[in-house]
Protein chains: 2
Amino acid sequence: MNGRVERSVAAWSMANSPTGDSATERLVRILDTFTPTRTVQTATEIGRRSGLPSSTAHRIVNELVTTGLLERDEERRVRIGMRLWELSTRSSQALRLRQAAMPFMERVQSRVREHTQLAILEQDEALFLERLSSPESGSNITRVAGRLPLHASSSGLVLLAFGPPDLQERVLSSRLAPLTRATLSDPDAVRRKLAEVRKLGHAIAPGYIEEVSTGIAAPVRDETGRVIAALSVVLPRDAETDFAVLELHRASADIARSLGYHS
Amino acid sequence: MNGRVERSVAAWSMANSPTGDSATERLVRILDTFTPTRTVQTATEIGRRSGLPSSTAHRIVNELVTTGLLERDEERRVRIGMRLWELSTRSSQALRLRQAAMPFMERVQSRVREHTQLAILEQDEALFLERLSSPESGSNITRVAGRLPLHASSSGLVLLAFGPPDLQERVLSSRLAPLTRATLSDPDAVRRKLAEVRKLGHAIAPGYIEEVSTGIAAPVRDETGRVIAALSVVLPRDAETDFAVLELHRASADIARSLGYHS
DNA sequence: CGAGGCACTCCCGATGAATGGGAGGGTGGA
DNA sequence: TCCACCCTCCCATTCATCGGGAGTGCCTCG
């Protein structure tokens, strides 16, 4: 019967962010609760996963929905909005690369008949822009828009070997988590591997990511000759690598040429 | 020689946002300064275009750069970050549609030999997800991730005709800006046109967008039978439309079927 | 049919992070 | 040398943001 509850005296409120993160940071935290496998969730879930109080999460999610960065489906669940996709197409940079690479990736795929993928460097990780597979392709945990650590994947090793020195510093001085027993997790071992990659012009990573498969990657250059991406295939662990290496180098050169690189 | 300038007495500072917009809003304002044709800009430019004070713009841009939503190139100019593309791939929704539609769009393209495009409804506009063209295709101002108003484009008319009633209310009661002399800009004319579209099952828009071309669009249904997209082609203004209409209907039906729609 | 769980909205006092004007540095072109 | 431009830094002010908590509505389960 008491419609009005006594307002708590211990009211202990806050302003802006008590945890010391900026508005931008919380926004990204919210967007980051979406993963390749979890593409819809309730606002409450988002709050839980991002570590934000429920009421705060609801407020921000609602704002994002009105701006179109997020969307609600029929059941009021939340997913990433088309607005975000639209904005992402403005980042022509990498999409131009993808466009240029596609035909040659298809050639590699049709000749090697295993997973063929294209990765770029993104915030100290290898980000996979595209991946072609055929039904008979073997195991491969990569997915489009997925990431792998630089020191463990063949693509990553290429990006690292031909990347800026400060990147190498940073990565080699961080923890090199092993994914399998074969993964290089010692800085010196990685350093030696990088020298080998530079010398050979490609990286071979047998069992680094998964025991059963070997990654092979070659650098892709833009018109200025800078290495901007890695083109790779994933073979069964015991497969012959020479043919794949050859095809990768050929495709890399063709991509670079179609981007305007000469010699 | 005077190292220290007298601090202005009229100092008239603010906190948070004096203009009354939320942090989210300013963020979107900043992202929106990127357009399909302007994909790189300086932080100062962003400030100017978004109407934010330079120092504020710089601060926010820097935050966005560290979170990866924006990136800087060699010359410190700013562009949309790959992080955003990555997030956008989580919005499987429309990308699934695009995936399903691609093969059939290619068939239409190869048979009609004119621009073939796929649009969805997004914030009261037609947003183009994909567009196939051949060298011999005629004029067409549409671009991937571009938008057109609902009342003026054939795709838009389809999305409007088969869309929710409140959408029709909203659009018809807003200003219907004409793009050419042929564009329908009178609410009643549009209403009659929508009735026609529903009756025929497709929209024909001669010269509404550009004097020289005619847009033709058919609705695409998802597994529940709801219209979720419009498939369209752009013909020269005087071209025969029957064959294109037929092909569009056939492709629409095939797309719906591959999405799981029956009958 | 009531209890408990869950998602969400609304309210509101407190507050500190965000704000923006302006100074100053650095660079490049005329 | 000057001007134009981009950017960083500083700091007093202040208002939008924050979040605990209450309330609502909708489930499901016992």
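Note on naming: letters A, B, ... go to the chains in the order of the sequence lines (proteins, then strands), and numbering restarts at 1 for each one.
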For the pair H151(B) (side chain) and A177(B) (backbone), establish whether a donor and an acceptor sit closer than 3.5 Å, ignoring hydrogens and angles. yes

Thinking salt bridges, do R147(B) and E86(A) make one under a 4.0 Å N-O criterion? yes

How far apart are the C-alpha atoms of L259(A) and R96(A), what are their side-chain angles, what is the distance that settles it, and do they pass the side chain to side chain contact (heavy atoms under 4.5 Å, CB included) test? CA-CA 9 Å; L259(A) 287 174; R96(A) 181 172 141 260; 3.8 Å; yes

For a quick test of reading the model: is some side-chain N or O of R26(B) closer than 4.0 Å to OP1 or OP2 of dT19(C)? yes

Could you check whether any side-chain N or O of R29(B) sits under 3.5 Å from a backbone N or O of S50(B), counting only pairs where one atom can act as donor and the other as acceptor? yes

Side-chain donor-acceptor contact under 3.5 Å, S155(A) with S232(A): yes

Letter per nucleotide, 5' to 3', of nucleotides 4-9 of chain C [B base touched, S only sugar-phosphate touched, - untouched; heavy atoms, 4.0 Å]: ---SSB

E130(B) and Q117(B): CA distance, side-chain angles, deciding distance, side chain to side chain contact (heavy atoms under 4.5 Å, CB included) verdict: CA-CA 6 Å; E130(B) 188 55 88; Q117(B) 41 206 25; over 6 Å; no

When you measure from the centre of the six-membered ring of F104(B), is the NZ or CZ of R257(B) under 6.0 Å away and within 45° of the axis? no

Per the end-axis method with five pairs at each terminus, what is the bend angle of the helix from dC1(C)-dG30(D) to dA30(C)-dT1(D), to 10°? 50°

Rounded to the nearest Å, what distance is computed from the CZ atom of residue R29(B) to the P atom of nucleotide dT19(C)? 11 Å

Grab the CG-P distance between L52(A) and dG19(D) for me, whole Å please. 7 Å

Give a yes or no answer on whether the side chain of E125(B) reaches the backbone of E122(B) with a donor-acceptor pair at less than 3.5 Å. no

Give me, pair by pair, the N or O atoms of the protein and of nucleotides 25-27 of chain D that are less than 3.5 Å apart, along with how far apart they are.
none

What integer distance in Å separates E63(A):CD from dC10(C):P? 14 Å

Donor-acceptor under 3.5 Å (Q41(B) side chain, T33(B) main chain): yes

Between R59(A) and dC18(D), is there a side-chain N or O to OP1/OP2 distance below 4.0 Å? yes

Between D188(A) and K193(A), is the closest basic N to carboxylate O distance under 4.0 Å? no

Sidechain N-carboxylate O distance under 4.0 Å for D124(B), R170(B): yes

